[in-house]
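Convention: sequence-line order gives letters A, B, ...; per-chain numbering from 1.
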Amino acid sequence: MSKSAYATTDEKRDRNIVAELRRVTKRFGDVLAADHLDLQIREGEFLSFLGPSGCGKTTALRMLAGFEVPTEGDVLLDGEIVNRLEAHRRPVNMVFQHYALFPHLTVAQNIGYGLKQVRPRLPRSEIAEKVSKALELVRLPGFENRRIWEMSGGQQQRVALARAIINEPKMLLLDEPLAALDRKLRKEMQIELQNIQRSLGITFILVTHDQEEALSMSDRICIMRDGRIVQVGSPQDLYDRPMNRYVADFVGTSNFFDGRVTSVSGDLAEVTLDAGLTLSGRPIDKVSAGQAVSISVRPEQVHLTRTGGGEGQLPVTVHNRIFLGEHTEYLVIHETLGEFLVLAPRQSELNEGPFNTGDVLQASWDAGAALVLDRN
Amino acid sequence: MRVYATLVYLFLYIPIGVIALFSFNAGRHASQLQGFSIKWYGKALNNPFVMDALETSLIVALVSATFASVFGAMAAVALHGIKGPVRTIFDGLIYVAVMIPGIVIGIATLIGLVTLFDQLNPMIAAIWPGGFEPPKLQMGMLSLIAAHTMFLMALCIIIVRARLSGMDRSLTEASADLYATPMATFRQVTLPLIFPAIVAGFLLSFTFSFDDFIIAFFVAGSETTLPIYVFSSIRRGVTPEINAIGTMVLGVSLVLLVTAQILLRRGEKKSR
Ligand SMILES: Nc1ncnc2c1ncn2[C@@H]1O[C@H](COP(=O)(O)OP(=O)(O)OP(=O)(O)O)[C@@H](O)[C@H]1O
Ligand SMILES: [Mg+2]
């Protein structure tokens with residue numbers, strides 16, 4: 001494994017920009033599939049596009065690959081505007097959602113396809129050698145002469161990956177490459193993709209609508225919504241400092257309490273909830289009095305205790321309890337806040353005895369752990 | 001319902017079965033069976049008129065099926081690449097061309113060509129250097145090939161178009177993504193994948209052309225194709241020899257049609 005495996009995010013921040021979207025807009029008739037996208041892609045990073053179905057992830061990827069021409073704005077590769085450069089002239093490769101392997105060719109012919117197009121022609125022996133190396137890299141050694149339809153879904157996925165990385169592209173684009181695999185295989189391939197990315201140092205751009213996948217694999221995540229980029233940042237950034245409720249909701253699980261800002265003082269803001277209660281929290285972005293906001297509290301930030309009743313503690317009733325091993329997830333009910341989730345470490349139950357359904361407990365959290373987020 | 005279906009099938013296939021059966025008849029009457037023999041096959045194959053007609057039919061079928069499948073495939077690929085009203089209009093015209101009854105095509109081609117030849121022949125004669133007999137355009141094998149090609153091309157376009165639209169668009173995109181130029185993509189991806197459809201189109205065209213009587217009757221001029229020969233000899237009575245010819249044509253046609261079907265099925269499965 002190369003050194004880049006241990007490169008920190010900070011180190012990657014200083015790298016060259018390999019690709020860039022500058023105010024890129026794409027319209028399909030009346031549909032605005034991409035709306036003023038601005039994004040810089042750094043050399044060697046693993047970037048994910050995350051968003052719900054139809055938010056324009058594939059469209060953004062296809063403009064980088066050269067299958068779509070932007071309606072407005074510029075796409076840059078290596079500092080050059082390539083809006084109209086055809087796909088076959090771009091040093092970029094793509095792994096398609098349904099793999100798009102050529103059914104009439106063998107595994108080796110599929111993988112060697114890109115090398116075969118190189119002019120002047122490469123010697124056959126060189127292609128064969130690279131193909132078998134690529135097959136080893138994706139852990140399919142000796143599968144050269146298999147037919148595509150003789151391969152399982154997971155194996156086809158690996159062939160598609162090998163076919164793309166054998167060309168040593170500047171950038172590898174992956175459009176939901178794991179969506180068709182079952183859960184277990186998907187986990188395996190996630191780890192494998194990460195390993196391959198680190199050992200080759202190729203920039204990976206992954207499209208997904210699986211937040212767990214994006215969180216576990218990426219250096220940076222680009223959250224999209226309705227053709228726009230909402231926030232770009234490292235997984236931790238997005239988890240700890242979401243710009244708005246949409247991001248907090250998309251990255252991890254959170255409890256949201258809607259209300260309006262009543263006052264702002266220093267680091268904290270007072271919010272009067274629609275339910276009547278007043279809570280304070282830490283605004284991530286600037287907020288002003290009267291603004292419609294949500295207070296977001298992550299389940300693991302909530303503490304449950306059996307006794308207390310002091311200030312800032314909320315009496316709750318345990319409604320449901322799911323034992324997850326190291327953690328236990330509780331669905332609790334507060335009479336004005338309603339239901340919310342709590343994720344408590346096993347230690348808290350070991351200290352105080354099991355919290356059973358129907359028990360009345362005290363819930364609390366640090367004011368700094370409650371985020372005040374714009375509601376859009 | 002089942003009885004009804006059985007009756008329909010019997011009605012369709014009994015006459016064909018009878019023809020095949022009587023082609024092996026030892027006697028020379030078409031109405032009573034007198035033992036098994038294949039002598040009528042030998043007789044048919046030794047008849048110079050039959051062999052002449054067969055040769056004409058084979059040439060016409062081969063040439064028009066080749067033109068139809070090659071040009072049809074080219075047209076299909078071109079049509080696949082365009083969008084909008086042009087495509088809609090062409091698609092409509094192609095379906096109409098396939099559905100027009102043979103007799104209309106026959107008459108229309110006859111009238112069209114005769115009119116054209118009447119215009120052209122004096123012109124050719126006028127510019128022809130003196131001393132030689134000027135060539136005269138007339139109905140014959142070429143006009144028959146032209147008429148068959150026109151009609152069968154529509155068929156081939158439809159077959160190849162169906163194959164193209166069943167093909168995953170991401171395959172050609174993947175090829176482009178892997179640095180293949182549009183021409184290389186066509187050669188290495190599109191053509192191999194539509195090839196079974198082109199061959200199937202060729203085989204179907206061949207059978208259609210080989211079996212065709214109506215169009216040939218109008219535009220073949222003095223040429224005699226096998227169906228025309230059969231038609232004219234039937235007027236002198238149905239002999240076991242005719243039955244033998246019919247059975248052979250049926251056999252060859254069936255083999256070609258089944259091959260075409262298998263090719264189309266297999267191609268579909270592969271592209272999934
Ligand atoms: N070729 C096209 N013609 C017309 N509309 C299109 C085309 N491609 C995409 N769209 C529209 O653009 C929008 C964004 O599509 P896109 O495929 O980029 O979404 P996505 O985020 O990849 O969604 P998914 O997660 O479902 O794949 C959608 O509303 C879609 O209907
Ligand atoms: Mg998509």
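Checking B:Asp212 against B:His148 by side-chain atom types alone, a donor-acceptor pair falls below 3.5 Å. Counted by atom type alone, A:Thr208 and A:Asp210 present zero donor-acceptor pairs between their side chains at under 3.5 Å.
Contacts between A:Arg90 and chain B at a heavy-atom distance below 4.5 Å involve the backbone alone (N, CA, C, O). Residue contact with chain B, scored on non-hydrogen atoms closer than 4.5 Å, involves the backbone of A:Leu101 exclusively. For B:Thr172, no part lies under 4.5 angstrom from a heavy atom of chain A. Residue A:Phe67 touches chain B through its side chain alone, counting heavy-atom pairs closer than 4.5 Å. Using a 4.5 Å cut-off between heavy atoms, A:Arg62 contacts chain B through its side chain alone, with no backbone atom that close.
Ranked by heavy-atom pairs under 4.5 Å with chain B, the list A:Gln97, A:Lys116, A:Met94 is led by A:Met94.
In this structure, the side chain of A:Gln197 engages the main chain of A:Gly44 through a donor-acceptor pair within 3.5 Å.
Cation-pi geometry between A:Arg163 and A:Phe102 is met: under 6.0 angstrom from the ring centre, within 45 degrees of the axis.
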Give the C-alpha distance, both sets of side-chain angles, the deciding distance and a yes or no for side chain to side chain contact (heavy atoms under 4.5 Å, CB included) between A:Ile17 and A:Leu76. CA-CA 10 Å; A:Ile17 306 295; A:Leu76 288 86; over 6 Å; no

